[in-house]
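Okay, structure first, notes after.
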Amino acid sequence: MSDDPAKLRRRANALVIFTAGAVVVGALIGWLLPGWLPEDKQARETALMVIGFPGDLLMQMLKMMVVPLVVATMVVGVASLGDIRKAGKIGYRTIAYYALTTGMSVLLGIILVNIIQPGSGAEHLAPAAGELPQSLQHPKGAVESLLQVIKGMLPPNLLEAGVKMNVLGLIVFSVVLGAVLSTMGERGRPVIRFFEGFNEAIMKIVHLIVWFAPIGIASLLMARMGRAGDDFFQKEIPRLAKYMATVIIGLGIHVLIVLPGIYWLVKKRNPFKYMLGMAQALLTAFSTASSSATLPITMECAKTNNKIGDRSAGFVLPLGATINMDGTALYEAVAVIFIAQSLGIDLSLGQMVVVFFTATLAAIGAAGIPEAGLVMMAIVLTAVGIPPENAGLILAVDWFLDRFRTMVNVAGDSVGAGVVDHYEQRDAGPIPAAAA
Ligand code: ASP
């Protein structure tokens, strides 16, 4: 594959244009689709299945890449750090960035939902009909959920962790394997080289998948919106418009002001150019509603378009896809306070603090899969004494907001990779003389 910069730029531009076109066309057709679909339930299902088929293929292909990609990039990333102190540094920086940005996004959500008050006067809101996820019917407490996240880091069976896509468990194992290999000198080197070659091969496959992504993306959007039906557009959106607006405004501020601000403060470079380089990943996140499935494309965009070093991309992005979810954190806070408002419950300042911490925890614990945030909401609701089945109030629009928050989750990881890479490069050697 050519590394000619002009060619790479043209390739990246073409992909962004195709992908953006796919989102627009997919959403437009998806919006009109409910009216075009056959009345008969069976025929309707079949039509949606066919329309969504390329999208299913895309999801399968992306997911197929996740396990090998995470293991190979993490092993290579950590092994290439060599010195364990360097590994510590990149680890602290990544975690500090995640903690700071997640905290900022929850706080932003709490402030906005208190100012806009989307739920006050909304006591008439009837919960939408629909099947509640199991976790909301039989909720787990915050402590149990936290312990479960920690337990997941040490999977008893690596193959099972792969089958269940327990990315966090695979990360922990790969980090340890990479660190140990790097201490083994000559004997470790062939194994590291194997993973390097393997990693490169996986990235080349991702290079091919990205060309199929626009077709898959259009198909995913059409099928999902078609399935939502007219009721969603005519009843649910007006019913929950103020709540949805609060979430989307919050996410918008975070992704357009807060994250670019951090990037600019650190790098003194145009953050929007950087975001443009990540555009295909952001649009894929929007269409798949899964940070984990998007991970291969996030890596590809970060490395190819934004020239993020293998080490930073390999460390920050896989970890971020599982534990750093700014969008989900903000959404958890807004949703829970909105539910409280519409039930006429006045949350005290202390309870807001509880929301702050449990929303952060819920975001860390949420898997990078569609609507995982809704499932984790039980923690936050229970912590402030609201029966979790009240999440039924926002159930009908969760799939829609999920797309926006997943996009913000991926944007958060992407900016994190840029920020951490800046410090990594600074430590690696003298910074070239600043341009006059
Ligand atoms: N779908 C989100 C993600 O994959 C998680 C969530 O439901 O908030 O990042």
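Remember, it's 1-based here, ligands and their atoms both numbered in the order they're listed.
- Checked against a 3.5 angstrom limit, the closest N/O atoms of R405 and ligand 1 fall inside it.
- Using a 4.0 Å cut-off to heavy atoms of T328, the atoms of ligand 1 that qualify are 5 (C), 6 (C), 8 (O).
- A cation-pi arrangement, defined by a distance under 6.0 Å to the six-membered ring centre and an angle within 45 degrees of its axis, is present between K268 and W264.
- Residue contact annotation: A372 has a non-hydrogen atom under 4.0 Å from ligand 1.
- The part of I369 lying near ligand 1 is the backbone, judged by heavy-atom distances below 4.0 Å.
- Summary of contacts: the protein heavy atom closest to atom 2 (C) of ligand 1 is T406 OG1, 3.2 Å.
- Set against the non-hydrogen atoms of S290, the atoms of ligand 1 under 4.0 Å away are 4 (O).
- Considering only non-hydrogen protein atoms, atom 9 (O) of ligand 1 sits nearest to S291 OG, 2.3 Å.
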- Message: Is there a side-chain contact (heavy atoms from CB on, under 4.5 Å) between M244 and L401? Walk through the geometry before answering.
- Response: CA-CA 7 Å; M244 293 171 80; L401 292 176; 4.2 Å; yes
- I would like to know whether Y331 and D398 meet side-chain contact (heavy atoms from CB on, under 4.5 Å); could you show each step before the answer? CA-CA 10 Å; Y331 152 83; D398 185 70; 2.4 Å; yes
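- Each of the atoms 2 (C), 3 (C), 9 (O) of ligand 1 lies under 4.0 Å from some heavy atom of N409.
- Residues D421 and Q425 bring a donor and an acceptor atom of their side chains to less than 3.5 Å of each other.
- We find that R93 and D427 are joined by a salt bridge, their nearest charged nitrogen and carboxylate oxygen being less than 4.0 Å apart.
- Between A12 and N305, the shortest heavy-atom contact is CB-OD1, 3.4 Å.
- In terms of polar-atom proximity, G373 is counted as a contact of ligand 1, with an N or O under 3.5 Å from an N or O of the ligand.
- Between the S342 side chain and the G119 main chain, no donor and acceptor come within less than 3.5 Å of each other.
- At a 3.5 angstrom cut-off on N or O pairs, A289 counts as close to ligand 1.
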